[in-house]
Protein chains: 2
Amino acid sequence: MNDLPEGLITGMNEVKGSAGLPDTLVFRLGTLGAVVGDRFAGRIERLDLKPKHVGLLTALGQGSFASQQDLAGRLGVAPSLVVSLADHLESLGALRRVRDPQDRRRQVLTLTDRGHELLAACTAEATTLDGELTAHLDEPERRALHATLGSLATRAGLSTA
Amino acid sequence: MNDLPEGLITGMNEVKGSAGLPDTLVFRLGTLGAVVGDRFAGRIERLDLKPKHVGLLTALGQGSFASQQDLAGRLGVAPSLVVSLADHLESLGALRRVRDPQDRRRQVLTLTDRGHELLAACTAEATTLDGELTAHLDEPERRALHATLGSLATRAGLSTA
DNA sequence: CAGAATCATTCGCACTATGAATGATTTACC
DNA sequence: GGTAAATCATTCATAGTGCGAATGATTCTG
């Protein structure tokens, strides 16, 4: 706890000996993620969707999942939450629940046309926001950022692949 | 916007005409931020701190703020939340509340030595996590990521300066 | 020297997400 | 083959988080 070189902590707004908290990846990703997430949430409000709904839509759009529990694991939330998310999406006509004939305990969630529409609308909003955020970057920088964040995501256990 | 080499975006088993949601900056930042934030939260649990507390500590460590309301604006939360965050940090001995003699409505929040210690401990945890996340990157990549995220942060209204 | 404005604080409320029961269905074992 | 354990979706009660509207103290304005 006290193995830090003294003189490291220089109060006000001076140069730090090593990186200060605001200069860490963790801090940057955390704050940026929160801000960007909030802004995105504001834009999909008109669709009666919240980020978690979009997460479920996205997962369903990527492929079929055996159970809602797998889905829950994928999204990193409790299975009971998947139920209420699916409830809402179903009420919007974005997905259908069908009993799996092979295993009638399972409910197979399938995107409807409306679901694909909503997903496309969300993608459009995200893409627009992307443009606003990266307007000051040149194309190589954008590519590098995209690639690096992708590798971070897989490394952090977020399997897009 | 669609000048991406095809074959780049291979979700699970499909290829989209344009970029899919999971490939947007917004989505990546949102999910990464959430995951990394949660992991960070787990590591500072032993210090009896949560990310929001660290945010307040960080803000206080960066400079003096006139009012708690300015602080609230800085953190993007309601002033009433700053009160409870400060309550907890005060109970940990991390900060002191002193009435501003110039304007006795205001409470000036000041980090104690213990507060600086906690901030340093959080920085250490974040730095460790940084290392784990970026272990597979080479130094130029790390620098580029750091720089780009920094520019995004300022552009997004997160004044680190 | 009143009244409006600003500060920190408290309180009640809404929302989110979780874990523990519940009931239906399937699998495993003897 | 039939019973017990496991697994699934769902409901329910609950904890935690953060906000907005009052409250009381203090300062600014005319």
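Chain letters run A, B, ... following the sequence lines, proteins first, then strands; residues in each count from 1. These values consider heavy atoms only, across backbone and side chains, with no hydrogens, waters or symmetry-generated copies.
Between the CZ atom of A:Arg104 and the C1' atom of C:dG23 there is a distance of 14 Å, given to the nearest Å. Rounding to whole angstrom units, CD of residue A:Gln102 and P of C:dT25 are separated by 16 Å. One atom, CG of B:Asp38, and another, P of C:dT16, lie 17 Å apart when rounded to the nearest Å. Rounding to whole angstrom units, CD of residue A:Glu90 and C1' of D:dT10 are separated by 13 Å.
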| field | Stepwise side-chain contact (heavy atoms from CB on, under 4.5 Å) check, B:His53 with B:Lys50 | value | CA-CA 5 Å; B:His53 298 128; B:Lys50 306 204 169 180; 3.7 Å; yes
| query | Under the side-chain contact (heavy atoms from CB on, under 4.5 Å) criterion, do B:Leu71 and B:Leu60 qualify, and how do the steps go? | reply | CA-CA 9 Å; B:Leu71 233 4; B:Leu60 290 177; 3.9 Å; yes
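Counting non-hydrogen atoms of other residues, nucleotides and ligands closer than 6.0 Å to CZ of B:Arg96 gives a total of 12 or fewer.
Summary of the strand contacts: A:Pro101 and A:Val77 both lie near DNA chain C, and taking for each the nucleotide with the nearest heavy atom, the more 5' one is attributed to A:Val77.
Taking each heavy atom of A:Ile44 and A:Pro51 in turn, the nearest pair found is CD1-N, 3.8 Å.
With B:Arg28 contributing its side chain and A:Ala153 its backbone, the two residues share no donor-acceptor pair below 3.5 Å. Side-chain atoms of B:Arg142 come within 3.5 Å of backbone atoms of B:Thr134 as a donor-acceptor pair (strictly under, hydrogens ignored).
Listed in residue order, the members of residues 43-55 of chain A having a heavy atom less than 4.0 Å from DNA chain C are A:Lys50, A:Lys52.
The distance from atom CG of A:Leu89 to atom CG of A:Leu85, rounded to the nearest 0.5 Å, is 6.5 Å.
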| task | At under 4.0 Å between heavy atoms, which parts of nucleotides 4-11 of chain C does protein reach? Answer with one letter per nucleotide, 5' to 3': B base, S sugar-phosphate only, - none. | result | -BBSSBB-
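Remark: A:Arg105 engages A:Asp103 in a salt bridge (Lys or Arg N to Asp or Glu O under 4.0 Å) (not counting sequence neighbours).
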